[in-house]
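Here the structure comes first, spelled out in structure tokens, and everything after it is commentary.
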Amino acid sequence: MDYNKQIDKKWQDFWKKEGLFKVDTKGCSKDKYYCLVMFPYPSSELHVGHARNYVIGDAVVRYKMMQGLEVLSPMGWDAFGLPAENQAIKRKIHPREWTLKNIDRIKQQLDSWGIGYDWDREVTTCLPDYYKWTQWIFLQLYKAGLAYKKEAYVNWCSSCKTVLANEQVIDGVCERCSTQVDQKKLNQWFFKITDYADRLLKDLDFLSEWPDRVKSMQQNWIGKSWGVEINFSVQGYGEKIECFTTRVDTIFGATFLALNWEHPILDKILEDVSNKEEIKIFIEKLRNQPPCARLLDSSDKEGIFTGKYALNSMTGKKIPIWVANYILTGYGTGAIMCVPSHDLRDYEFAKKYDLPIIEVIKRPKTEDRRQRTENGEEIDDEDQKRNQSSEFCHRTSDKEFEVYEGEGVLVNSGEFNGLSSEEAKNRIVEYMENKGIGKKAVNYKLRDWLISRQRYWGAPIPIVYCLTCGEVAVPLEDLPVTLPQEVEFLSTGQSPLTYVQDFIKTKCPKCGKEAKRETDTMDTFVDSSWYYLRYLSPKEENIPFDKEEIIKWQPVDQYIGGVEHAILHLMYSRFIYKFLIDIDSVKTEFPEPFKRLFTQGMIVKDGAKMSKSKGNVVAPDYIIEKYGADTMRLYILFMGPPQKDAEWQDEGVSGCWRFIQRCLRLVDMFKEYKEGDTADSFNECEKAVVRKMHSTIREVTADLEGNFQFNTAISRIMELVNQTYKSLSEGELRKEIFKQALETVFLLLAPFTPHISEEVNKVFGNDKSIFSQAWPRFDEKHLHQEEVEVAVLVNGKVRDKMKINVKWAKEDIEQKALALAKVLKVTANRTPKKIIYIEKKIVNIVI
RNA sequence: GCGGACGUGGUGGAAUUGGCAGACACGCAGGACUUAGAAUCCUGUCUCGAAAGAGGUGAGAGUUCAACUCUCUCCGUCCGCACCA
């Protein structure tokens, strides 16, 4: 059989004509399977790295179809965003035009690879029929008090002239243009995702089928920690300074307080300070420091004494209040109690400015640790000490003092002396709560989601500003707030919408007077946080999504995409989903949108991520031109475990091509095949093929049911093909068996190489699509083997192998093993201490 | 620093979860068929050794009849977070 490009095209057209991937979400009666592949940002053409994503998704979709499920496989476009706007500025193309042109091109690519989608459900986030509902979601959040505006210091990229979210700042530079990021105070819209922090954390428990890596990244990002909030009263003022600490057991060692430059109390306490100007200059310096000026070196720690003191409420001693550059803004209260004896950072600071250091925690005694070792063996004291220091201790260069950051036993802590850290924490909180000087508290690293963008190419925020009524939400019936087509891109730092008079000018929905529209647009992560719901009813004009459909089709059974979305996209989607559940817009048993998540690895070339600038991009189109779609698909799946990064090797592609040719040659042989004389029962060659066939079905199915181990699945199919060749050359096969073997090969290959599988399916006289056939089943009885080979080991070392009949008694097998010449040579007539027989595997003789 | 993943031939990678390490491919070498090449087919290919044999899964120890797999220590690579009090 000849493979040619017409075959690809022919079957792609066939699937389209037959509507193979069309799903009637309402009407279908089969069990549902919602397979979702992360939709692409339509920038330029897709390369093989992107292809991996879609090929994996397609293989899953086709496999599940053959399993008899109703498989929903939609596709769409994450079409708003910065690159389109950058292109517009650079090349004077309208973002919309550029985006839609790219969509056409990518769609054509996906088609030519034979990726199957229900295109009737296509969703494009930059079109009004979609972003109308993104705005709707904004308004729901607004109504619930979860969308709010606040003035805040934000990351400002002077090159892109825009505000960046923290997560778009990589190592202190803009993720897109690598310009140094500055700080700027602006009025911004936020979503209050922090209200959901605890649920986002707790509900990770529902996600047993997500990779641990992703879950731990999310956990980390939420960053929940338990501790105590302590009030320190400022001497001479009625004011208090709140500090959060996770180590209240070290309170007796707190010898100073440190504030960040933004702390509100500074204005008050600095009033009558003599060196006020000096301090202000220092604060100003910190304010202008971009977040990238991360202090990696301890010597970078800087601070200034405010001249004021607070009281350590436990010791009653007065402790100085400092302003320091190492106190984070936006986490905790902006003030901390500093314990230089048990916190390395505080120690470095105290050392530099000569502040007192009081040890209050002793490392637990070695006896305690010794008890913890399993077998009670003594452990060398020196070793212990070394281990401990590597864990918790930071020896200072002058060796005067070791900062011990671990837990231990309290000293110099008044009535709490002798308690363990753990006990002390409880007792001290209790004491503080009674006295009203502190209380248990929880802190999160997670911050509210900044969604404002001073950009044109995004969904307009549906808010109007009226001189009389103030901030007014656009009524639902007025949605969408349409993005104007005519726009000018001026580098001013303002949203281009600011200059579109027709857009800005509007009437206040409340009082009808002249009003102005909000000119910021939304972060594209808002668009992508709910698209999977829109796929279920993409054409609905009056509602964002159909509740009934959601009950039926949510959660997504399998979500597939890159790890780069492990934190933001997935966190935001989870948040929005939970919110929609809360406002009763989504009804579901399972509180998470994506039941199972698969993150595929990157394809690298010459050891590096593919990029135009490196010139190492592998274009799929040339591979398709040379070998066809199936070869590319097969290689992408065969190159390695799909969740791991893999190096692209052109030689590997030709290997897959050869395999396909080898399969097709077998089909040719079958067409010409003349059956010889057949006996009643199968001969050895036939038995071998049948056995291999069934074991292959079993293993390939297991590989796909597991963690999508396409690479091993394919290698097993290769083995079946090899076995078929071998049996053909070694003896007679009746035609029926030859046929079964071939049919099995192509059924198993169908999810990976759909075009050729369809073609061969036709050779066997089936007019219907191979994907309407059932996935093959194996029969246990064909796996059974009378005779198997076992390895014979002496003292764990393989000495010989022997064939045994599985019915033989254990003793007989052992006797036979002992009698082997190679075994006798080693045992030299010594009687074995013990013989271990593992069924059908091993005989181990211990002497 | 914290969290996670990982370390196996010249290369990509297998190993029914503690049971014959290197499946399946790539590459390479030799051979067959060809005027020749391409394609295809066959054979070989962890290391040392002529062979018998010995060694071998980053290093070292331990548990076990048996360890790539489990435990501990160390070394190294990749990813995420990072002055989170």
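FYI, side chains are in, hydrogens and waters are out, and symmetry mates aren't considered; it's all heavy atoms of this structure. If you're wondering where the values come from, they're calculated on a predicted model, not measured in any experiment. Each chain gets a letter, A, B and so on, in the order the sequences are listed, and its residues count up from 1.
- For A:Q649, counting side-chain heavy atoms from C-beta on, the closest listed nucleotide (B:G12, B:C24, B:A85) is B:G12.
- Between the CG atom of A:L328 and the P atom of B:C81 there is a distance of 16 Å, rounded to whole Å.
- With rounding to the nearest 0.5 Å, the separation of CE in A:M314 from CZ in A:F252 is 4.0 Å.
- For the salt bridge (Lys or Arg N to Asp or Glu O under 4.0 Å) condition, the pairs that include at least one residue of residues 695-712 of chain A, sequence neighbours left out, are A:K64-A:E705, A:E699-A:R716, A:D703-A:R716.
- Remark: A:N220 engages A:K445 in a side chain to side chain contact (heavy atoms under 4.5 Å, CB included) (not counting sequence neighbours).
- Remark: the separation of the C1' atoms in B:C70 and B:U64 is 10 Å, to the nearest Å.
- When heavy atoms are screened at a 4.0 angstrom cut-off, A:D346 is found touching no nucleic acid atom at all.
- Taking for each of A:T245 and A:W657 the nucleotide of RNA chain B with the nearest heavy atom, the 5'-most of the two is the partner of A:W657.
- OP1 and OP2 of B:U16 both lie 4.0 Å or more from every side-chain N or O belonging to A:R698.
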### Query
Reading nucleotides 42-57 of chain B from the 5' end, what letters show protein touch, with B for base, S for backbone sugar-phosphate only, - for no heavy atom under 4.0 Å?
----------SSSS--
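- The side chain of A:Y331 sits closest to B:A85 out of B:A85, B:G80, B:C65.
- Checking the phosphate oxygens (OP1, OP2) of B:C41, a side-chain nitrogen or oxygen of A:R665 falls inside 4.0 Å.
- Using a 30° and 60° split on the angle between ring planes, A:Y353 and A:W322 fall in the tilted class, from 30° to 60°.
- Looking at RNA chain B, the stems built from 3 or more consecutive Watson-Crick or G-U wobble pairs, each pair with its key distances under 3.5 Å, are B:1-7 with B:75-81, B:10-12 with B:24-26, B:27-32 with B:40-45, B:46-48 with B:53-55, B:58-62 with B:70-74.
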Please list, pair by pair, any protein nitrogen or oxygen found under 3.5 Å from a nitrogen or oxygen in nucleotides 18-23 of chain B.
{"from": "B:C20", "atom 1": "O2", "to": "A:K801", "atom 2": "NZ", "distance (Å)": "2.4"}
{"from": "B:A23", "atom 1": "O2'", "to": "A:E719", "atom 2": "OE2", "distance (Å)": "3.3"}

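- Within residues 632-642 of chain A, the residues approached by RNA chain B to less than 4.0 Å at the level of any non-hydrogen atom are A:F638, A:M639, A:P641, in residue-number order.
- Atom NZ in A:K609 sits roughly 11 Å away from atom P in B:C79 (whole-Å rounding).
- Under the 30°/60° scheme for interplanar angles, the aromatic rings of A:H565 and A:H569 are found to stand perpendicular.
- For the pair A:K224 and A:Y444, the cation does not sit on the ring face, since its NZ or CZ is not both under 6.0 Å from the ring centre and inside 45° of the axis.
- At a threshold of 4.0 angstrom between heavy atoms, the contacts of A:G655 are confined to the sugar-phosphate backbone, with no base atom among them.
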